[in-house]
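Reading through the structure tokens given below for one structure.
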Amino acid sequence: MLGGGGLVAANVYATASESGQSQAGQVLASGAATIDCPDVGSQLTAVPDEAKAEVDKELALLDKQIAEAYQRLQQSTQAIQQDGAFAENSIMNPLKEKRAATIERIAIAVDRVGDRPQGLEAFAACILRASGNQGEQGGDGQNGEQGGEEQQQGENQDGQNQGEGQDNGQNQDNGQGQGDEQGDQQGGNGGQAGNGPVAADFVDIKSVQPNVQSPRKQGNASRGTFSTACGVNENGLFNSDNVIVAPGVTNGAHHFHDYVGNQGNNAFASDQDLADADTSCENQGDKSSYFWPVIRLQNGAQEQDAGSPGGGIEGNAGEIVTPKQVTMTFVGNPQSKVTEMPKLLRIITGDAKAFVNGTANANASWSCTGFEDRQLKDKYPLCPQGSDVVRTFKFQSCWDGNNIDSANHRTHVAFADANGVCGNGFKAIPQLVQRIVYDIDAPSLNDGGRTTPLFAVDSFPEQLHKPVTDHGDFINVFDEDLMGEMVDCINGGRKCDAADGAGDGDGGGAGEEPGNSPSPTPENPPGGNNGDDDPADNGNGNGNGGDNGGEDTPSPTATAPSGGNNQDDEPADNGAENTQKPSADSTQAPDPADGEDKGNGEAVPKAESSPSAVQSDDAAATGGDDNDLGGAVPGPEPSSASVLEPQATSGGLADTGTQLWPAAAGALLLLAGFVLLRRINSRQT
């Protein structure tokens with residue numbers, strides 16, 4: 001009896017554990033998992049100047065360690081299938097050890113010249129989390145067909161994954177060919193590189209309710225605008241560096257950036273290098289550097305970085321799309337006059353790691369021309385025919401008055417509150433509103449982008465090309481005189497163009513509200529190189545930023561249209577019945593001075609909830625981000641705490657019978673024991 005009962009219990013427990021491990025392993029093996037690590041850099045609010053260079057290099061090493069661990073995770077399909085503990089033992093634990101050593105070096109570097117930061121060691125451990133992409137079939141055609149057409153590099157990349165061969169970043173062990181194997185193992189995770197995007201990352205813009213609101217301008221508001229035209233990166237200036245976050249480190253961003261303005265920006269550019277560089281801006285007094293992650297079509301094209309770190313090596317694959325138009329507009333403050341930006345001020349808006357960090361610092365804004373009163377934060381837009389994809393970045397507009405940068409690159413600048421007020425003694429500065437337009441057709445979601453390819457923003461590999469990770473970077477290298485003219489123009493309520501001379505705009509005098517009267521834009525020219533057009537023609541740049549503070553009701557859940565056709569012949573759902581669909585020929589972008597995107601720029605702990613397209617009123621009521629999240633309500637995404645854990649078995653009856661036969665034998669032994677015991681008792685009586 002004891003033997004039979006023990007056999008039953010042991011077998012049932014073993015079967016349940018095996019089933020749970022198998023299910024977790026299936027998620028890992030499908031590629032539908034990513035690595036979630038605490039962002040150490042955001043915790044460092046004060047680093048002595050003498051330690052900054054060393055700390056920056058160690059922080060960049062943490063990013064490299066995560067990227068390598070994620071690549072190892074993708075490459076370990078068979079090992080994970082054979083051993084459910086492989087991912088934890090061979091990937092996550094070594095990653096924790098590497099991070100712990102790096103974090104200790106950071107603490108020591110600071111301790112040499114200042115107060116040792118406390119508690120950083122708690123940020124060494126990372127978790128495996130479901131990506132939310134499992135079950136998606138959006139990428140199958142791309143992963144198999146296009147993947148097979150792609151590069152079979154096989155070269156070993158120095159310094160990448162301890163010298164393991166990389167198949168152009170397409171996640172193959174030891175340089176093996178891609179093709180069907182990649183399609184099978186990454187079919188659930190989308191994109192030609194196997195780590196996104198997926199169909200669920202897209203939403204029809206016509207299903208999104210208008211969500212842009214504006215703070216009311218007060219009597220002392222600075223109402224002017226100042227535009228600068230710097231082209232669309234027709235020069236093809238790209239790199240995967242980030243001189244703000246990782247100076248002196250090649251591939252510090254792990255994804256490609258477009259650069260306009262300053263032509264000398266790379267990881268090793270000094271302040272003097274930036275000051276001496278050429279500029280693509282029409283007004284040569286603007287040598288500022290404007291850069292952002294490129295957008296790629298998932299069409300199997302091989303770009304210059306196909307076999308390089310930051311590109312194909314790290315999952316950033318496909319054709320780079322040159323913007324159709326880029327507009328940089330500096331706007332005022334709805335409450336007060338603005339002061340000059342200091343030379344070499346650095347600002348980062350958005351969070352490149354927002355998919356795992358949470359949305360505390362996210363500031364992505366996606367929309368379509370003709371629909372820019374509807375902004376998406378964590379979805380890519382499906383634009384109707386004749387409408388172009390628009391990315392809008394609204395940068396922080398409050399400055400601490402002292403520093404051109406900070407240890408976490410955030411605390412020296414902040415967003416104004418919901419009413420446009422700069423808190424904590426910060427000063428209002430001109431707000432950069434960056435509007436980037438792309439001629440991209442809505443992808444065909446029903447066939448995974450085979451007919452019309454998916455598109456995605458470049459990202460860190462573990463961020464899976466999620467739209468919420470979009471971000472922009474700015475370094476102010478304006479001549480002091482031109483910056484002074486900008487401030488005078490904005491405070492004077494004029495509408496100025498740097499190319500024409502700051503004081504010679506057509507603003508129409510103080511008190512004019514820029515962009516409030518309709519001014520239809522000319523028809524978009526073919527070829528996509530209209531970045532030199534007057535940036536003020538599009539309402540001085542869209543200033544939406546996703547302002548939806550005060551929304552009382554959530555937008556309806558968006559459903560992706562089949563075929564990607566977006567019901568072109570139907571009127572747009574723009575909040576009014578029987579209204580004609582806005583077209584790209586008559587686009588009026590909202591006032592760029594309207595709205596602020598965030599409540600503050602300080603780093604905060606990871607949000608408990610996952611990225612969402614709708615922001616609640618509570619955040620605005622507490623001085624938080626009154627327009628953090630705008631757009632359609634997405635389907636549920638995994639929270640930051642969703643760890644892959646064993647779950648109950650859901651196998652078929654045949655599988656159950658196969659796995660539980662020892663338990664059945666144990667049950668027979670147990671029953672036989674009962675019968676034997678009864679007979680013995682009956683004979684004794």
Side-chain angles (χ1 to χ4, degrees), residues 33-45 59 62-63 66 70 99 119-120 122-133 195-197 200-201 245 293 348-366 375-380 393 396 408-411 414-415 457 459-472 545-546 548-549 554 597-620 622-644:
T34 192
I35 293 176
D36 184 345
C37 296
D39 190 354
V40 176
S42 65
Q43 309 300 318
L44 295 173
T45 56
L59 290 173
L62 289 175
D63 288 337
I66 298 170
Y70 176 76
R99 284 173 58 83
L120 288 184
F123 296 94
C126 304
I127 63 171
L128 287 170
R129 58 171 282 192
S131 67
N133 292 347
N195 64 341
D201 292 326
V245 176
I348 298 174
T349 193
D351 184 359
K353 303 174 184 176
F355 181 60
V356 299
N357 280 352
T359 59
N361 292 310
N363 192 28
S365 291
W366 296 88
Q375 293 290 318
L376 296 164
K377 293 298 183 182
D378 62 351
K379 301 290 179 184
Y380 295 116
F393 299 115
Q396 293 88 320
N408 62 7
H409 313 293
R410 296 189 183 277
T411 52
F415 288 95
V457 67
S459 74
F460 285 93
E462 75 280 357
Q463 302 298 318
L464 309 181
H465 305 283
K466 295 297 182 182
V468 75
T469 65
D470 203 11
H471 57 282
N548 70 329
D597 283 280
K598 312 290 281 182
N600 58 68
E602 296 183 6
V604 298
K606 182 183 301 183
E608 291 296 329
S609 61
S610 61
S612 168
V614 172
Q615 164 76 4
S616 69
D617 294 338
D618 295 338
T622 57
D625 183 356
D626 71 309
N627 39 50
D628 180 22
L629 301 171
V633 179
E637 295 206 24
S639 71
S640 59
S642 59
V643 187
L644 292 174

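- Looking only at distances, no side-chain donor or acceptor of Q396 sits under 3.5 Å from a matching main-chain atom of F415.
- In this structure, the side chains of Q463 and D351 stay at 4.5 Å or more apart for every pair of heavy atoms.
- When all heavy atoms are compared, the tightest approach of I35 to Y70 is CD1-N, 3.5 Å.
- Scanning all heavy atoms of the two residues, the minimum distance from E462 to I66 falls at CD-CG2, 3.6 Å.
- Not a single donor-acceptor pair under 3.5 Å links the side chain of Q375 to the backbone N or O of A364.
- Between the side chains of N363 and T349, at least one donor N or O lies within less than 3.5 Å of an accepting N or O.
- The two atoms that bring S459 and H465 nearest to each other are OG-N, 3.0 Å, heavy atoms only.
- Taking each heavy atom of F123 and V40 in turn, the nearest pair found is CB-CG2, 3.9 Å.
- In this structure, P197 and Y380 approach most closely via the heavy-atom pair CB-CE1, 4.3 Å.
- Panel note: side chain N195, backbone P461; a donor-acceptor pair is recorded below 3.5 Å.
- Looking at K379, its side chain never comes within 3.5 Å of a backbone N or O of D201 through a donor-acceptor pair.
- Taking CZ of R129 as the reference point, atom SG of C37 lies at 11.5 Å (rounded to 0.5 Å).
- The shortest non-hydrogen separation linking A362 to V468 is CB-CG2, 3.9 Å.
- The shortest side-chain heavy-atom distance between L120 and Q43 falls under the 4.5 Å cut-off.
- Atom-to-atom distance recorded for N408:CG and T45:OG1 is 6.5 Å, nearest 0.5 angstrom.
- Side-chain contact between P38 and R99: present, with at least one pair of heavy atoms (C-beta onward) separated by less than 4.5 Å.
- Shown here are the salt bridge (charged side-chain N to carboxylate O under 4.0 Å, His left out) partners of D63, two or more places apart in sequence or in another chain: K353.
- For P293, the side chain to side chain contact (heavy atoms under 4.5 Å, CB included) partners are H255, H257, R391, V457, D458, D470, H471, not counting sequence neighbours.
- Looking at N357, its side chain never comes within 3.5 Å of a backbone N or O of A360 through a donor-acceptor pair.
- Taking a cutoff of 4.0 Å between a charged side-chain nitrogen and a carboxylate oxygen, K466 and D378 do not qualify as a salt bridge.
- Annotation: the span from L62 atom CG to C126 atom SG amounts to 9.0 Å, rounded to 0.5 Å.
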